[in-house]
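In what follows, a structure is listed as structure tokens, so that the remarks can point back to it.
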Amino acid sequence: MEISFHDEIKSLQLGAGATFHGEGILAVTKALLQAGVSYVGGYQGAPVSHLLDVMVQAREYLDQLGVHVEACTNEAAAAAMLAASINYPARGAVTWKSIVGTNVASDALSNLASAGVLGGALIVVGEDYGEGASVIQERTHAVALKSSMCLLDPRPSLDNIVRMVERGFELSEASNTPTIIELRVRACHLRGSFLAADNVAPRVSTRRPLEGPPQFAYDRLSHPPATFRQEKMKAEVRLPAARRFIAEHQLNEAFDGDQSSVGIIVQGGLYTNLLRALQFVGLADGLGASRIPILALNVVYPLVPEEIGAFCAGKRAVLVVEEGQPEFIEQDIATILRRADLPTRLAGKDCLQLAGEYTTEVIVRGVGKFLAAQAPYLDLAPGSAWIAGVEAIRDRAQRLLGGPLPARPPNFCVGCPERPVFAALRLVEREVGKAHLSGDIGCHSFATFEPFSMGNSILGYGMSLAAAAGVAPMMASRTISVMGDGGFWHNGFLSGVSSSLLNRGDSILLIMKNGYASATGTQDLISTPPEAARRAAAGGSAVHTDQTIERTLRGAGVRWLRTTYTYRVGAMMQTLREAFTTPAAGLKVIIAEGECQLERQRRLRPRRAEQLARGERVVRERFGVDADLCTGDHSCIRLSGCPSLTVQAADDPLKVDPVAHVNNDCVGCGLCGEVAHAAVLCPSFFRAEIVHNPTRWDRAKQRVRSTIIGWLQPA
Ligand code: SF4
Ligand code: SF4
């Protein structure tokens, strides 16, 4: 990884009395150290990647504290690390993106939750839900419920987030229950400050190892008959202990308001959205004081019936603001109210939308509906006026655009090594016909968007080949499964390759070997080329510098294996053609090799800037389009989709359509030239070398060339 977290690592070392400034997820990282965490593991994924990325780069400092850090190959491996807290008084934290990561981890989590923990076990999940989400929309809440784990959803303020991390460990220890802390996208990227405390050297650590031999305790194995007792323990001992701790330490927060006949119970993570909405309705001020009493649930599971009862008692109605579905909290509260025989009317999903993110606008509408029914004496006109204003802006934008805003799907980076592979596949399809393409998680999934629109299913990270197993025997032509090297190591080798070999599958697997887990933030893999090799590959990509994937596949028994450099479109087409048509039986694996351009540019650009600052000669390649030759047919764009390859108005009055144009972001990957050649397009593309700080020889060559071109051009 070419990014340096130097400043973040300094923030982690702040001592008592210093003020920490930064993002929510970095505050969590600091809080782990203040809580005396012994070990940290995880699998990166937005919005919590930063936690592990920073910890991995901070290893030298963490070694001094005795904290062990492990970059796990998937979430299951990370969850399994928490086994250390089952028998030993060691605090552990693991992290990943949820819900997908929680799904992968759920086997280990179930076993962990059954056995229970001695040392605090905290699972920091990025709750990737709502408008900015990149995964399937489900709730982590369901997993906490089914395994009886505590679930924290902190009100987004850095002070409170840090408090909840520290209390989360204590809650876990007081109830012997693993505790999940879910952080929404906004909580992770929230910026703020808090008063730091000293980091605490863990009780058990790499510097203070456990004394004596490991103890055998059958009761702590999630194995029958112990599991039967463990289930009873959850219901009869652990959850009651958790409820006691939550109440005694006031983990949930009640905020008073003068309109005491109604109230709102909100997931802690949505508290700021709710306050903003109340502000627009005219029922809260800019400093966060609400006229409607609010119960902010920093712990959304388990609920404490006495707390809910105390908040609801004497109120005509309460509204539950709970994002996503099903409405677990609302149902829980309904049961609590019924059992306590409280007459308070309960509103929730009848006022607010069932699914989707609770933005401020959604909450303004829902709160307005609730209050209009339950507190009609309140002046709700400001809320209605605000909604009318939002709708007017939206209508005006539609009128100006002549329709809804165009979608802006994500795309491969400029010069991405994966784009040429799909261009080649598109060209080969013209010969062999369209094949079922089993997609995967990773940058290559951008091929599902225009201009490629390729991919028939996505079933999870590293699952493409496994997902093709059911389809392949029913298809007239071979299926092709695409996965990245990140997906290969996450799950793809075991779930896909080994299963295909065992069952003598006859499909194609295309592995994008770009060197990193790029889609999650370009973290290193075991097949990432060593740093020295990357530095040595000055201008070009790190080609064939690591053969771990190839050796693994050969060792497992793959016989048909080809490695092809992605930017050579003709060669890639030939490899694909062969894979589709060869009579050879068995799994056919194509390794598409080309370093992630994002990471490559992160390495090259600072180096180039240093050279320029020293006045050295620097040559940068880029492509261009000769506007005189371009006919405006745009075949090149349909085979590329590179954001640098765009259009501009033609100077020629006889050309009606705009001509293709390569803007200055082009990194000179060469795809434009390769595609023009492979697809036999027009000859309008040219490759240019931009020479900075030219030598005398460069200037002389330039003069000669200009003179000759001048002679050849008509006057
Ligand atoms: S991050 Fe790397 S692999 Fe992903 S789209 Fe960008 S260049 Fe391609
Ligand atoms: S050569 Fe073409 S595909 Fe490559 S970066 Fe430049 S414009 Fe994009």
Side-chain angles (χ1 to χ4, degrees), residues 1-3 44-46 49 134 409-424 426 440-449 451-452 482-488 510-525 527-529 534 539-542 565-569 572 592-605 620-626 630 634-648 659-679 681 684-690:
M1 176 184 269
E2 301 288 345
I3 300 176
Q44 64 279 345
S49 290
S134 58
N411 194 352
F412 295 106
C413 300
V414 170
C416 172
E418 303 187 0
R419 182 179 285 113
V421 182
F422 290 101
R426 169 62 65 86
D440 212 293
I441 305 293
C443 293
H444 41 83
S445 65
F446 296 149
T448 54
F449 298 114
F452 301 112
V482 180
M483 73 175 71
D485 38 9
F488 177 81
L510 177 63
I511 300 175
M512 299 288 190
K513 186 177 155 194
N514 63 34
Y516 313 86
S518 293
T520 57
T522 59
Q523 289 83 6
D524 286 2
L525 305 163
S527 53
T528 297
R534 280 182 271 159
S541 290
Y565 187 46
T566 63
Y567 294 104
R568 295 195 186 114
V569 174
M572 184 57 74
E593 175 139 22
E595 189 185 7
C596 166
Q597 192 67 246
L598 182 68
E599 200 65 344
R600 179 172 174 256
Q601 291 299 324
R602 279 177 180 157
R603 186 173 64 245
L604 292 186
R605 281 191 176 135
R620 183 166 79 85
E621 276 190 7
R622 56 162 289 192
F623 272 67
V625 173
D626 187 334
C630 176
H634 305 154
S635 305
C636 53
I637 292 175
R638 287 191 290 277
L639 282 166
S640 164
C642 177
S644 269
L645 179 55
T646 175
V647 290
Q648 69 176 14
V659 291
H661 168 69
V662 176
N663 71 24
N664 204 33
D665 293 336
C666 169
V667 294
C669 78
L671 173 62
C672 286
E674 288 280 328
V675 156
H677 181 70
L681 301 179
S684 51
F685 282 96
F686 61 83
R687 184 176 64 84
E689 286 185 351
I690 301 167

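Atoms within a ligand are numbered from 1 in the order they appear, just like the ligands themselves.
- The shortest non-hydrogen separation linking F623 to C666 is N-SG, 3.2 Å.
- When only non-hydrogen protein atoms are considered, atom 7 (S) of ligand 1 lies nearest to Q597 N, 3.3 Å.
- When heavy-atom distances to ligand 2 are checked against a 4.0 Å cut-off, C669 comes that close through both its backbone and its side chain.
- For C413, every N, O or S atom stays at 2.8 Å or more from atom 8 (Fe) of ligand 1.
- Without hydrogens or angle criteria, N411 side chain to G641 main chain gives a donor-acceptor distance under 3.5 Å.
- Ranking protein heavy atoms by distance to atom 6 (Fe) of ligand 2, first place goes to C666 SG, 2.4 Å.
- For ligand 1, the atoms closer than 4.0 angstrom to any heavy atom of F412 are 5 (S).
- The G670 neighbourhood of ligand 2 comprises atoms 1 (S), 4 (Fe), with distances under 4.0 Å to a heavy atom of that residue.
- How far CG of L645 is from CZ of R419: 9.0 Å, rounded to the nearest 0.5 Å.
- For atom 2 (Fe) of ligand 1, the nearest protein heavy atom (residue, atom name, distance) is C596 SG, 2.4 Å.
- Atom 4 (Fe) of ligand 1 has its closest protein heavy atom at C443 SG, 2.3 Å.
- Residue L598 has at least one heavy-atom neighbour below 4.0 Å for each of these atoms of ligand 1: 1 (S), 7 (S).
- Within the 3.5 Å criterion, the main-chain N or O of V414 finds no donor-acceptor partner in the side chain of S644.
- A pairwise comparison of heavy atoms in H444 and E418 identifies N-OE1, 3.0 Å as the closest pair.
- Scanning for side chain to side chain donor-acceptor pair (under 3.5 Å) contacts around S527 gives W489, with sequence neighbours left out.
- Scanning the protein for heavy atoms near atom 3 (S) of ligand 1, the closest one is N514 ND2, 3.5 Å.
- Taking the six-membered ring for Trp and the full ring otherwise, F412 and F446 have centroids separated by under 6.0 Å.
- The protein non-hydrogen atom at the shortest distance from atom 8 (Fe) of ligand 1 is C416 SG, 2.3 Å.
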